[in-house]
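Below: one structure, written as structure tokens.
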Amino acid sequence: MSDVPIVRPLPVSGFPEWLPEVRIVEQRWLDTIRATFERYGFSSVETPSVEALDVLTAKGETSQEVYTLRRLQADADDDSARLGLHFDLTVPFARYVAAHFNELVFPFKRYQMQRVWRGERPQEGRFREFTQCDIDVINVDRVPLHFDAELPRIVHEVLGTLGVPPWTLNINNRKVLQGFYEGLGIGDPLAVIRIADKMDKIGPDGVANLLGAQAGLDADQVRACLDLAAIRATGSGVVDEVRRLGVKSDLLAEGLDELAEVLGDLADLPTGSVVADLSIARGLDYYTGTVYEAKFVDWPDFGSICSGGRYENLAGSFIRRSLPGVGISIGLTRIFAKLLAEGLLPTGPGSPADVLVVVPAAERRAAALATATALRARGLKVETYHQPDKLAKQVRYAARKGIGFVWFPPFDEGREHEVKNMATGDQTAADPAAWHPTSS
């Protein structure tokens, strides 16, 4: 035995990895999401995993989430790199648009499906590395409000096609929040928004305490903020409920009009799938209008599975042009891991192959390889067994990997090819030039 110490082969906490039969399902999900995004005319882009730290921190208080990069052998005082892994896809997208401004056609509709990294404590639904699937529309000077409704409609189609369990998309508008707080005479509405965004984590009492202790609100202001956050409504009824609170401001009126218009555009979706929820704040500072958060119906304490919103000038940190946008992100890994943990995600086969071609004997390996080549040329996914084992062992190998058909090339010259359907057990003669799985 070697004296080299054994390192325990454990994955790092918060960095999920799947077995092949799970990964194959995840890939199908990605294909479904990609196809849906493209049906609506969104183009794919991919940005580097690494961005300069001044890019990642250009908007909002995000530095505590960023993984920085540093060479293992770097000097202790070497901080010249100033690089970090991106913590979302929106900020890199804004940088991308600014960098390629003269080459893009606006309004620019992009989708981006990549891994992101966040330095936070792993727990259910929270990972250090995960995949997001984002769609955004960005334009020069103005993005029409109807895009604020198109994006959740696309998400509704995606999640419905994937068979995700019941969920609700909650919509609010940051102008409603900021305008309401201004109408209350609050001097720093953004600070209150950041506190209100903690509602799911610490509840109304916790938010009330922070509003008094950190934001300096009096008891009446705190009560009004909690009353606003308690409003849930479908359709334009949300406007009347807010107005009953008796707070007025021009920004509040503008936000209510926008919220009502977006809800009206989504009124044809199934009842209860879209709800105005005025507790939704989205803590990132770059959101300025419509904001989204989708949550599972059956697991209300589980984190949001989709989120996003409108930003007026995120790219303005990188270019002197007004480039507003609106985007929404599907938390693929969060959804996928939850369904897997709940036993609600049927796994796929352990191999993508349609067919396993057996090797009857060493001298027949060339014939087996030729058969596999002929089948692949017709678009089939084919694996050739790796050595001339007993046929029963080769068939068991196909069964363990979930390969649907086993192909037996002629054992002797002049004999027929045969194929075995692993689901039914039927074994019949077949022609590599004409056979298809649907024919067996």
Side-chain angles (χ1 to χ4, degrees), residues 16-39 44 113 131 133 157-164 332 335-337 339-340 343-440:
E17 60 181 15
W18 312 124
L19 290 172
E21 56 267 30
V22 177
R23 172 62 175 158
I24 201 168
V25 179
E26 184 184 41
Q27 288 180 305
R28 290 173 186 167
W29 276 38
L30 289 166
D31 289 342
T32 296
I33 296 169
R34 182 181 300 109
T36 306
F37 289 169
E38 291 183 354
R39 276 201 300 274
S44 174
M113 301 164 61
T131 299
C133 303
E157 183 175 331
V158 166
L159 298 186
T161 302
L162 294 175
V164 172
L332 177 76
I335 299 171
F336 197 82
L339 299 193
L340 186 65
L344 298 176
L345 190 74
T347 56
S351 168
D354 302 307
V355 181
L356 174 75
V357 177
V358 306
V359 178
E363 62 271 17
R364 302 299 298 171
R365 181 166 182 78
L369 292 173
T371 299
T373 298
L375 292 170
R376 290 191 195 103
R378 298 181 47 246
L380 296 168
K381 297 187 283 280
V382 183
E383 179 179 352
T384 306
Y385 195 73
H386 51 281
Q387 61 190 26
D389 283 331
K390 292 181 180 180
L391 293 181
K393 184 174 182 179
Q394 298 187 51
V395 172
R396 282 198 302 272
Y397 175 84
R400 291 185 64 195
K401 295 188 74 172
I403 300 174
F405 295 89
V406 175
W407 194 282
F408 300 91
F411 288 17
D412 299 295
E413 293 298 329
R415 298 275 298 272
E416 288 185 310
H417 292 262
E418 294 187 0
V419 64
K420 179 182 180 70
N421 185 323
M422 296 294 285
T424 65
D426 295 336
Q427 186 167 323
T428 57
D431 180 0
W435 178 86
H436 193 272
T438 57
S439 63
S440 294

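Closest heavy-atom contact between V419 and A430: CG1-CB, 3.8 Å. Heavy-atom minimum distance, H386 versus Y397: CE1-CE1, 4.5 Å. In plain terms, the two heavy atoms of P349 and G402 that are nearest each other are CB-O, 3.5 Å. Closest approach of P360 to L391, counting heavy atoms only: CA-CD2, 4.4 Å. What you find for L356 and I403 is that their closest heavy atoms are N-CG2, 3.5 Å. Taking each heavy atom of A399 and M422 in turn, the nearest pair found is CB-CE, 3.7 Å.
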Given side-chain contact (heavy atoms from CB on, under 4.5 Å), test F37 with V158 step by step and report yes or no.
CA-CA 9 Å; F37 289 169; V158 166; 4.2 Å; yes

Verdict with reasoning, W18 to L340, per side-chain contact (heavy atoms from CB on, under 4.5 Å)
CA-CA 10 Å; W18 312 124; L340 186 65; 3.6 Å; yes

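Among residues at least two apart or in separate chains, salt bridge (Lys or Arg N to Asp or Glu O under 4.0 Å) pairs with a member in residues 394-407 are E383-K401. Residue pairs satisfying the side-chain hydrogen bond (donor to acceptor under 3.5 Å, both in side chains) criterion with at least one member in residues 345-368, sequence neighbours excluded, are listed as follows: R364-E413. Residue pairs meeting the ring-ring contact (aromatic ring centres under 6.0 Å, His included) criterion with at least one partner in residues 344-368, sequence neighbours excluded, are absent.
The salt bridge (charged side-chain N to carboxylate O under 4.0 Å, His left out) search around R376 returns none, not counting sequence neighbours. With sequence neighbours excluded, the residues forming a side-chain contact (heavy atoms from CB on, under 4.5 Å) with P432 are T371, A374, L375, W407, H417, listed by chain and number. E38 is linked by a side chain to side chain donor-acceptor pair (under 3.5 Å) to Y111, counting only residues two or more places apart in sequence or in another chain. With sequence neighbours left out, Q387 forms a side-chain contact (heavy atoms from CB on, under 4.5 Å) with Y385, D389. Partners of Q427 by side chain to side chain donor-acceptor pair (under 3.5 Å), not counting sequence neighbours, listed by chain and number: E418. A370 pairs by the side-chain contact (heavy atoms from CB on, under 4.5 Å) definition with nothing, not counting sequence neighbours. Taking the side-chain contact (heavy atoms from CB on, under 4.5 Å) definition, one finds that T424 meets it with N421, D426, sequence neighbours left out. With sequence neighbours excluded, the residues forming a salt bridge (charged side-chain N to carboxylate O under 4.0 Å, His left out) with E157 are R39, listed by chain and number.
Atom CG of L345 and atom CG of L162 lie 10.0 Å apart (nearest 0.5 Å). Between atom OG1 of residue T36 and atom CG of residue L159 there is a gap of 9.5 Å, rounded to the nearest 0.5 Å.
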Anything under 3.5 Å between a donor and an acceptor, one on a side chain of residues 27-35, the other on a protein residue two or more places apart or in another chain? List them.
| from | atom 1 | to | atom 2 | distance (Å) |
| --- | --- | --- | --- | --- |
| D31 | OD1 | R34 | NH1 | 2.8 |
| T32 | OG1 | R28 | O | 3.1 |

